[in-house]
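Input: a single structure, listed below in structure tokens.
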Protein chains: 2
Amino acid sequence: MNKGKITIHDISKNLGIDSSTVSRALNDSPRVSKKTKEKILKKAEELGYQRNSLASKLRTNRTNTIGVIVPRISRHFFASVISGIEETAFDAGYEVIICQSLDSYEREKKLVDTLLSNRVDGILISISMGTTNYDHFENYKNNGFPIIFFDRPCEVSKNTNIIIDDLKASLEATEHLILNGCKNIAHFSGPQTIELYRRRYKGYIAALEKYNFPIREEFIFESNLMKQDGIQCAKEILKLPEIDGVFSANDVTAISAMQYLKTQGKKLPEDIAFVGFSNEPISAVIEPSLTTINQPDFEMGKVASTLLFNQINNKTVLNQTTILEPELIIRKSSIKN
Amino acid sequence: MNKGKITIHDISKNLGIDSSTVSRALNDSPRVSKKTKEKILKKAEELGYQRNSLASKLRTNRTNTIGVIVPRISRHFFASVISGIEETAFDAGYEVIICQSLDSYEREKKLVDTLLSNRVDGILISISMGTTNYDHFENYKNNGFPIIFFDRPCEVSKNTNIIIDDLKASLEATEHLILNGCKNIAHFSGPQTIELYRRRYKGYIAALEKYNFPIREEFIFESNLMKQDGIQCAKEILKLPEIDGVFSANDVTAISAMQYLKTQGKKLPEDIAFVGFSNEPISAVIEPSLTTINQPDFEMGKVASTLLFNQINNKTVLNQTTILEPELIIRKSSIKN
DNA sequence: TTTTAAAATACAATCGATTGTATTTTAAAA
DNA sequence: TTTTAAAATACAATCGATTGTATTTTAAAA
């Protein structure tokens with residue numbers, strides 16, 4: 001029936017009140033009398049009026065919307081960051097548009113474009129693994145558009161980044177293996193094009209150096225840290241029987257490696273101890289349960305969004321890196337009795 | 001510097017070409033000559049023009065955007081459904097706005113409202129656990145607005161629902177426990193206000209009836225199926241030592257119950273066999289690995305979105321339920337040697 | 001009761017893109 | 001070279017809400 005949506009003009013005509021007054025009434029402006037407001041609100045309800053945000057956003061040049069781009073929403077870490085963002089956003093009266101880049105550069109670029117054409121007030125992004133070119137951010141940053149990078153920072157030029165102290169956490173994780181008797185510790189590393197994995201790598205190296213352990217290139221396995229990469233790494237490890245500990249740059253790879261090694265008759269943690277990174281929910285329930293680094297995910301979301309809202313409202317761009325503290329969660333996979 | 005965004009009017013003035021021609025050129029209309037198009041495209045690029053989707057959507061009364069509301073994006077099942085939706089949407093040239101209701105009725109209502117005020121062309125929704133009142137859908141449905149319900153259908157009046165065959169799957173799951181020697185099978189059930197959990201409950205009952213097993217009320221535990229509910233259920237089970245099998249309406253509860261029972265010295269599956277529902281990734285890696293029902297998640301997303309796009313474009317509302325086939329994945333938790 | 005200030009409401013322009021219609025330009029036909 | 005049809009471009013209205021300014025109404029003060 002009622003094909004065309006009800007507009008303020010319908011209410012206006014219906015009541016013989018100018019649409020500007022209707023608009024002000026619906027926005028609870030003090031310029032409209034109580035009596036008129038009530039009449040308008042009642043009629044709006046009656047006609048099933050629903051504000052057209054597109055028109056409102058176009059006119060006011062303010063969308064009260066932010067965009068969030070993460071590699072994948074299914075990752076527990078990102079889902080938690082998003083929860084943190086949404087909580088802050090809700091309180092601040094912002095809408096949140098969630099997007100996943102699936103770690104593809106092309107997709108990420110397209111998403112940034114779509115968000116901007118929808119005139120979001122700011123963007124929070126954890127850049128995709130496939131991204132090595134940052135031009136699509138530079139343009140907008142130069143115009144003072146608020147973009148904040150979290151977890152996986154933007155490496156070029158000055159930006160507002162929110163990261164965790166990967167280096168320190170990785171050093172601690174590796175040190176923990178050393179203190180638990182590991183002599184030959186391998187590292188499952190991610191793509192070195194990504195700053196975050198370089199920091200984790202550096203933490204591993206720093207721990208070895210601290211204890212005067214030799215750095216052995218053949219103990220370092222670089223991959224995309226997917227499930228199948230873990231199996232591949234595990235196979236390589238079996239060729240190097242002296243390896244008695246692994247610090248993996250994420251949980252997923254550690255877990256798939258562990259599962260494979262178990263099928264090959266390895267005893268964990270007795271033969272090989274493991275420490276992961278991220279504290280995926282799965283880590284707590286596998287056997288042996290995985291020692292890992294817990295990241296302050298929810299907090300990261302809150303911090304990132306709070307900073308973004310500040311930038312949006314004060315128009316002050318900080319270009320400053322905030323570092324949050326992660327925490328080593330000790331479980332069974334790293335304790336050789 | 002360049003505070004105000006570039007519009008077609010800037011290009012228009014800059015080249016002395018009317019803005020309508022600029023608009024048509026940017027949309028590759030055949031009404032503009034090749035030469036003019038090239039000139040306009042070049043200038044647009046040069047000025048860093050970016051279309052204002054808000055204005056475009058307002059004018060055309062078409063947003064090419066759909067909204068998706070799920071209880072939580074972190075749930076593997078929903079993340080996969082979303083991937084399916086996004087794939088179809090991408091091919092069809094639609095934007096997707098992802099929202100999570102966190103199983104709250106209030107939040108869900110607000111999200112529906114926000115999506116509609118942003119004039120999405122249609123909505124895909126898996127209703128929240130907290131939702132028992134469906135008025136917020138009825139209004140819009142009556143106006144012919146395309147809404148499709150998936151996984152957790154809308155129970156009132158006629159709607160387009162896409163569900164899996166929960167009853168059949170639950171029957172199979174329970175039957176599987178019976179065939180593997182379980183004599184006293186408990187059921188962890190969800191809120192009976194939700195159709196989906198009623199169907200799973202019915203499947204459980206149907207299996208018992210098929211094999212002439214008595215239905216014992218004290219073996220049926222209703223909860224919200226969260227992690228802590230599983231522990232609670234496990235505690236109850238310990239008081240009923242005759243229970244030798246459990247069919248749980250989701251994996252999360254099954255897993256936390258299993259973990260608790262293990263700490264209490266129970267042998268799984270020897271003492272108590274388990275079958276879950278959902279095939280969460282975690283199910284494959286716990287010990288014993290959990291037998292469960294795999295739902296065609298990605299496919300559900302594709303089917304739901306395809307149906308939605310049809311409704312949007314043909315204006316034909318089907319009000320028809322599509323039932324997809326789930327699959328029993330047999331792992332170790334249910335096989336008593 | 002008249003004057004005046006304040007309160008309430010109306011008028012009109014605007015945000016940026018789109019689109020039906022009118023006008024101008026170009027090229028083909030006479 | 002003039003006429004005519006087609007191609008290209010310009011004009012102007014519109015989508016729905018907002019907002020600065022102008023006008024009208026109301027209520028208080030004189």
| message | Just to verify, what does A:Ser23 make a side chain to side chain contact (heavy atoms under 4.5 Å, CB included) with, not counting sequence neighbours? | response | A:Ile8, A:Asn27
| task | Find the distance A:Ile8:CD1 to C:dA10:P and express it as a whole number of Å. | result | 12 Å
| query | Contacts to DNA chain C from residues 110-119 of chain B, heavy-atom cutoff under 4.0 Å, which residues? | reply | none
| task | For A:Gln320 and A:Thr160, indicate whether the former's side chain and the latter's backbone hold a donor-acceptor pair under 3.5 Å. | result | no
| field | Proximal nucleotide (of D:dA17, C:dC15, D:dT9) relative to the A:Ala55 side chain | value | D:dA17
| message | Taking A:Asp103 first and then A:Arg152, would you say they form a salt bridge - that is, a charged N and a carboxylate O separated by under 4.0 Å? | response | yes
| Residues forming a side chain to side chain donor-acceptor pair (under 3.5 Å) with A:Ser20, sequence neighbours excluded | A:Asp18
| Under the salt bridge (charged side-chain N to carboxylate O under 4.0 Å, His left out) test, residues paired with A:Lys37 that sit two or more places apart | A:Asp28
| request: Taking side chain to side chain contact (heavy atoms under 4.5 Å, CB included) as the test, write out the residues that go with B:Thr193, two or more places apart. | output: B:Thr132, B:Pro191
| Tell me, which of residues 36-43 of chain A have any heavy atom that sits under 4.0 Å from an atom in DNA chain D? | none
| For B:Ser74, what residues pass the side chain to side chain contact (heavy atoms under 4.5 Å, CB included) criterion, not counting sequence neighbours? | A:Ala79, B:Arg72
| Partner residues of B:Glu46 under the side chain to side chain contact (heavy atoms under 4.5 Å, CB included) criterion, sequence neighbours left out | B:Lys43
| request: Would you mind telling me which residue lines up with the more 5' stretch of DNA chain D, B:Gly16 or A:Leu54, judged by nearest nucleotide? | output: B:Gly16
| field | Test applied, side chain to side chain donor-acceptor pair (under 3.5 Å); reference residue, A:Ser305; option that passes from A:Asn310, A:Thr88, A:Asp91 | value | A:Thr88
| task | Return yes if a side-chain donor-acceptor contact under 3.5 Å exists between A:Ser128 and A:Ser101, otherwise no. | result | no
| task | Would you sketch DNA chain D in dot-bracket for me? Only Watson-Crick or G-U wobble pairs with both distances under 3.5 Å count, crossing pairs as [ ], other-strand pairs as |, the rest as dots. | result | ||||||||||||||||||||||||||||||
| message | Any salt bridge linking B:Glu95 with A:Lys110? Criterion: basic side-chain nitrogen under 4.0 Å from a carboxylate oxygen. | response | no
| said: Strictly by ring pair (Phe, Tyr, Trp, His ring centres under 6.0 Å), give each pair with a member in residues 86-126 of chain B just once, sequence neighbours left out. | reply: B:Tyr94-B:Phe309, B:Tyr105-B:His136
| request: Would you indicate what B:Asn52 reaches in the nucleic acid, counting non-hydrogen atoms under 4.0 angstrom: base, sugar-phosphate, or nothing? | output: sugar-phosphate
| message | Using the side-chain heavy atoms of B:Tyr49, tell me which of these nucleotides is nearest: D:dT9, D:dA17, C:dA17. | response | C:dA17
| Salt-bridge contact A:Arg107-B:Glu86 (side-chain N to carboxylate O under 4.0 Å) | yes
| query | Taking the side chain from A:Ser19 and the backbone from A:His9, do they hold a donor-acceptor pair closer than 3.5 Å? | reply | no
Pull out every protein N or O sitting under 3.5 Å from an N or O of nucleotides 12-14 of chain D, one pair per line with the distance.
residue : atom : partner : partner atom : Å
D:dT14  : O2   : B:Arg59 : NE           : 3.2
D:dT14  : O2   : B:Arg59 : NH1          : 3.1

| request: Examine distances only and state if a side-chain atom of B:Thr65 and a backbone atom of B:Val120 form a donor-acceptor pair shorter than 3.5 Å. | output: no
| Sub-4.0 Å heavy-atom contacts from residues 24-35 of chain B onto DNA chain C, ordered by number | B:Arg24, B:Asn27, B:Arg31
| query | Which part of the nucleic acid, if any, lies within contact of B:Ser23, taking any heavy atom under 4.0 Å across all strands shown: a base, the sugar-phosphate backbone alone, or nothing? | reply | base
